[in-house]
Undergrad: 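Here it is, the structure in full.
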Amino acid sequence: MRVCVHPQETGAAGQEKMLDIRYLRENLEEAEKRLKTRDEGIDLSPFRELDERRRALLKEVEGLKERRNRTSEEIGRLKKEGRDASGLIAEMQEVSARTKSLDREVAECEEGLRDLLLNIPNLPHPSVPVGRDDNDNIVVRVEGEKPGFSFTPKEHTEIGESLGIIDFERAGKLAGARFALMKGAGALLERALINFMLDLHTREHGYREVLPPFMVKSECFVGTGQLPKFEDDQFKIEGWDHYLVPTAEVPVTNIHREEILNEATLPIYYTAYTPCFRKEAGSYGKDVKGLIRLHQFNKVELVKFVAPETSYDELERLTADAEEVLRRLGLHYRVVLLCTGDTGFSSAKTYDLEVWLPGQGTYREISSCSNFEDFQARRAGIRYRPGGAKPRFVHTLNGSGLAVGRTLVAILENYQCEDGSVVVPEALRPYMGGLEKIEKMG
RNA sequence: GGAGGGUUAGCCUAAUUGGUAAGGCAGCGGUCUUGAAAACCGCCGGGUUAACGCCCUUGAGGGUUCGAGUCCCUUGCCCUCCGCCA
């Protein structure tokens with residue numbers, strides 16, 4: 001069901017909620033306890049007072065409005081009959097003034113509530129392990145095996161630069177640190193990966209391909225949860241209300257913002273390629289070299305809109321769809337269930353896929369698959385009508401399928417040969433004009 | 001960038017000089033029917049309430065007014081034309 005902070009603002013206020021206000025009112029202690037498993041600093045204590053004050057104000061102002069409505073009609077009748085209504089009009093002038101000032105108080109009160117609510121993360125699902133950070137995540141399965149090497153495997157930066165397919169130096173000249181310039185077979189490989197992933201998801205997994213705008217309005221960012229809390233991570237377009245998308249999740253989830261979907265159309269599966277733009281504020285010194293952490297990278301995303309009862313089954317299937325990319329590419333990986341402290345702001349439950357990188361001797365995140373339950377749907381106003389009944393919020397999910405740059409890293413490191421060349425995984429060869437091996441050009 | 005037109009509930013469409021949102025379609029429930037259709041009845045934006053009721057809702061935000069879909073200002077989006085442009 002839809003809930004509004006302020007009944008007069010059915011559009012705006014309704015979308016700016018995260019948790020059901022009625023749930024909070026009735027279960028404040030429980031909610032705070034559960035949220036504290038994600039973040040000790042969460043404090044819901046201002047909620048009670050704001051909520052009660054708002055309701056008291058509404059009671060008074062609505063009473064006044066009722067009187068005003070009735071009297072105004074009476075005035076209309078009197079005037080039509082040619083009788084004098086000046087006494088009533090004078091009376092209503094006062095009521096009107098009082099109403100206006102009360103309305104302002106209500107608005108202030110609701111702004112406080114919004115500030116509070118918009119910054120509260122989603123409740124973690126009961127199956128999510130309680131923990132502080134990534135040390136408390138749980139490896140739920142491991143697929144494939146680490147490749148063996150008869151030599152010491154190199155990191156992708158070294159492989160890519162010596163093959164002449166990645167040029168970090170000139171990328172720096174163009175755009176500074178954390179950008180890459182892909183060249184020749186490197187650029188082709190990146191493009192092949194995008195096409196391979198989109199084809200797999202559209203032809204075999206039932207997703208519909210979309211190509212959204214790469215910059216969208218701020219309200220979309222509020223809808224999916226990047227705003228207001230994570231403004232610092234976003235690239236804003238100067239003089240516009242637009243931001244560059246940090247993930248296709250933002251434009252694709254918001255395709256159905258403020259819509260009531262026909263139940264028969266659910267579930268809806270979309271896949272989209274977009275570049276992703278992130279400031280990476282606060283990651284200074286982390287992954288400064290290579291393709292791992294860039295201000296701009298490519299990603300193929302999977303997004304689902306589903307009926308609430310099905311969303312956890314859908315999460316398992318979405319994760320499997322992302323895993324299939326790694327399987328087809330012959331890459332060893334593991335699936336990690338994130339703990340409460342490591343799960344993203346909007347998500348109720350998240351699996352990360354971590355691919356093995358022999359050059360670095362470590363697993364790195366290459367996909368993140370989440371069920372947001374109705375958190376985003378509530379903020380973005382995405383509903384469906386179950387069997388002609390009242391509209392209900394859908395559940396939304398998404399996952400990377402996959403991060404393209406990191407997949408390219410994994411291929412370079414896992415398929416490298418002693419002579420510095422890189423074997424092209426068979427699944428990609430049709431996308432690369434039959435190329436079997438990337439070798440240094442003369 | 002300039003000029004003009006538009007925006008009403010899931011969709012489509014009304015609403016004298018300002019007087020308190022009328023219909024239709026789709027959908028849901030029911031009557032009728034062997035079943036279905038048709039016809040007929042009810043429901044069919046949000047909030048609140050045990051219920052009656054009350055408040056809010058004409059893209060958004062302000063203003064004027066006792067009272068605004070209607071008048072004024074700001075603004076989002078869509079369409080047409082001009083200019084510019086891949």
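Naming: A, B, ... by sequence-line order, numbering from 1 per chain.
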Undergrad: Give me the distance, rounded to whole Å, that separates B/C66 from B/U13 when you measure between the P atoms they each carry.
TA: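 After rounding to an integer number of Å, I get 36 Å for this pair.
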Undergrad: With pairs defined as Watson-Crick or G-U wobble and both distances under 3.5 angstrom, please note down RNA chain B as a dot-bracket string, | for pairing with another strand.
TA: (((((((..(((......[...))).(((((.......))))).((((....))))..(((((..]....))))))))))))....
Undergrad: Can you tell me, in whole Å, how much space there is between the P of B/G47 and that of B/U57?
TA: 15 Å
Undergrad: Under the ring-ring contact (aromatic ring centres under 6.0 Å, His included) definition, can you give me all pairs with a residue in residues 94-128 of chain A, not counting sequence neighbours?
TA: A/His125-A/Tyr312
Undergrad: Once you apply a heavy-atom cut-off of 4.0 Å, does A/Asp241 come out as touching a base, just sugar-phosphate, or nothing?
TA: nothing
Undergrad: Residues in side-chain hydrogen bond (donor to acceptor under 3.5 Å, both in side chains) with A/Arg328, at least two apart?
TA: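 For A/Arg328, the residues satisfying side-chain hydrogen bond (donor to acceptor under 3.5 Å, both in side chains) (neighbours in sequence not counted) are A/Glu204, A/Glu324.
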Undergrad: Taking atom P in both B/C40 and B/C56, what distance in whole Å separates the two?
TA: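 Result for the P pair: 35 Å, nearest Å.
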Undergrad: For A/Glu62 and B/G46, give me the distance from atom CD to atom P, rounded to whole Å.
TA: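 From A/Glu62 CD to B/G46 P: 17 Å.
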Undergrad: Any base atoms under 4.0 Å from A/Glu66, or only sugar-phosphate, or nothing? Heavy atoms, all strands.
TA: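 Sugar-phosphate, backbone atoms only, no base.
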Undergrad: Expressed in whole Å, how much space separates the P atoms belonging to B/G6 and B/C73?
TA: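 Approximately 15 Å lies between the P atom of B/G6 and that of B/C73.
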Undergrad: For the residue pair A/Ser346 and A/Phe372, what are the closest heavy atoms and their distance?
TA: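 The answer is O-CD2, 3.2 Å.
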Undergrad: Could I get a table of every N or O pair under 3.5 Å where one atom is in the protein and the other is in nucleotides 7-10 of chain B?
TA:
none

Undergrad: Taking atom C1' in both B/G18 and B/G23, compute the distance separating them and give it to the nearest angstrom.
TA: 23 Å
Undergrad: Assign each of A/Arg70 and A/Arg25 to its nearest nucleotide of RNA chain B by heavy atoms, then name whichever residue's nucleotide is nearer the 5' end.
TA: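 Checking each residue's closest nucleotide, the 5'-ward one belongs to A/Arg25.
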Undergrad: Listed by chain and number, what are the side chain to side chain contact (heavy atoms under 4.5 Å, CB included) partners of A/Arg48, not counting sequence neighbours?
TA: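 By the side chain to side chain contact (heavy atoms under 4.5 Å, CB included) rule, A/Arg48 matches A/Leu28, A/Glu29, A/Glu52.
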Undergrad: Can A/Gln226 and A/Asp233 be counted as having a side-chain donor-acceptor contact under 3.5 angstrom?
TA: no
Undergrad: For B/U65, does either OP1 or OP2 sit under 4.0 Å from a side-chain N or O belonging to A/Lys100?
TA: no
Undergrad: Think A/Asn69 has a side-chain N or O under 4.0 angstrom from the OP1 or OP2 of B/C55?
TA: yes
Undergrad: Rounded to whole Å, please give me the gap between CD in A/Glu94 and P in B/G67.
TA: 13 Å
Undergrad: What distance, rounded to whole Å, do you find between the two C1' atoms, one in B/G62 and one in B/A14?
TA: 28 Å
Undergrad: By a strict heavy-atom criterion of less than 4.0 Å, which residues belonging to residues 74-82 of chain A are in contact with RNA chain B?
TA: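 The answer is A/Ile75, A/Gly76, A/Lys79, A/Lys80.
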Undergrad: Check side chain to side chain contact (heavy atoms under 4.5 Å, CB included) between A/Arg55 and all other residues, then give those that pass, not counting sequence neighbours.
TA: A/Arg25, A/Asp51
Undergrad: Could you check which of B/C55, B/G76, B/C66 has an atom nearest any side-chain atom of A/Lys217?
TA: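 Among B/C55, B/G76, B/C66, the one nearest the side chain of A/Lys217 is B/G76.
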Undergrad: Check the distance between B/G67's P and A/Leu64's CG and give it to me in whole angstrom.
TA: 13 Å
Undergrad: Could A/Arg68 and A/Glu94 be called an ion pair, given the rule that one side-chain N must be under 4.0 Å from one carboxylate O?
TA: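 No salt bridge links A/Arg68 with A/Glu94.
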Undergrad: Apply ring-ring contact (aromatic ring centres under 6.0 Å, His included) to A/His256 and list each qualifying residue two or more places apart in sequence or on a separate chain.
TA: A/Tyr270, A/Phe305
Undergrad: Expressed in angstrom and rounded to an integer, what is the separation of A/Arg22 atom CZ from B/U49 atom C1'?
TA: 11 Å
Undergrad: Between A/Lys65 and A/Asp103, does at least one N-O distance fall below 4.0 Å, as a salt bridge requires?
TA: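 Yes, this pair counts.
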Undergrad: Once side chain to side chain contact (heavy atoms under 4.5 Å, CB included) is applied, do any residues pair with A/Asp39, and if so which ones, sequence neighbours excluded?
TA: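 In terms of side chain to side chain contact (heavy atoms under 4.5 Å, CB included), with neighbours along the sequence ignored, A/Asp39 is linked to A/Ile42.
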Undergrad: Strictly below 4.0 Å: does A/Arg67 bring a side-chain N or O up to OP1 or OP2 of B/C54?
TA: no
Undergrad: Tell me: CG of A/Leu261 to P of B/C11, nearest whole Å?
TA: 12 Å
Undergrad: For the P atoms, the ones on B/U7 and on B/U58, what distance do you get once it is rounded to whole angstrom?
TA: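 About 14 Å, rounded to a whole number of Å.
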Undergrad: Does A/Phe179 have any ring-ring contact (aromatic ring centres under 6.0 Å, His included) partners at least two apart in sequence or in another chain, and if so, which?
TA: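 Result, ring-ring contact (aromatic ring centres under 6.0 Å, His included) vs A/Phe179: A/His295.
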Undergrad: Starting from C1' on B/G63, measure out to CZ on A/Arg104 and report it in whole angstrom.
TA: 12 Å
Undergrad: Over all heavy atoms of both residues, which pair between A/Thr247 and A/Lys299 is shortest? Give the atoms and the distance, please.
TA: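 Shortest heavy-atom contact: OG1-NZ, 2.8 Å.
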Undergrad: Residues in ring-ring contact (aromatic ring centres under 6.0 Å, His included) with A/Tyr207, at least two apart?
TA: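 Scan of A/Tyr207 (ring-ring contact (aromatic ring centres under 6.0 Å, His included), adjacent residues dropped) gives A/His201, A/Tyr269.
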Undergrad: Taking atom C1' of B/C66 as reference, at what distance in whole Å does atom CZ of A/Arg83 sit?
TA: 16 Å
Undergrad: ring-ring contact (aromatic ring centres under 6.0 Å, His included) with A/Tyr243: which residues, sequence neighbours excluded?
TA: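 Listed in chain order: A/Phe221.
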Undergrad: Looking at A/Arg68, does any N or O in its side chain come under 4.0 Å of the phosphate oxygens OP1/OP2 on B/C56?
TA: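 It does, given that an N or O in the side chain of A/Arg68 lies less than 4.0 Å from OP1 or OP2 of B/C56.
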Undergrad: Using a heavy-atom cut-off of 4.0 Å across all strands, would you classify A/Ser96 as base, sugar-phosphate, or nothing?
TA: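 Answer is sugar-phosphate: A/Ser96 comes under 4.0 Å of backbone atoms only.
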Undergrad: Taking the same atom, P, in B/C28 and in B/C44, what whole-Å distance lies between them?
TA: 16 Å
Undergrad: B/G61 P sits how many Å from A/Glu111 CD, rounded?
TA: 14 Å
Undergrad: Among B/C56, B/G76, B/U20, which is the nearest nucleotide to the side chain of A/Lys65?
TA: B/C56
Undergrad: Both A/His242 and A/Ala90 contact RNA chain B. Which one's nearest nucleotide lies toward the 5' end?
TA: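 That would be A/Ala90.
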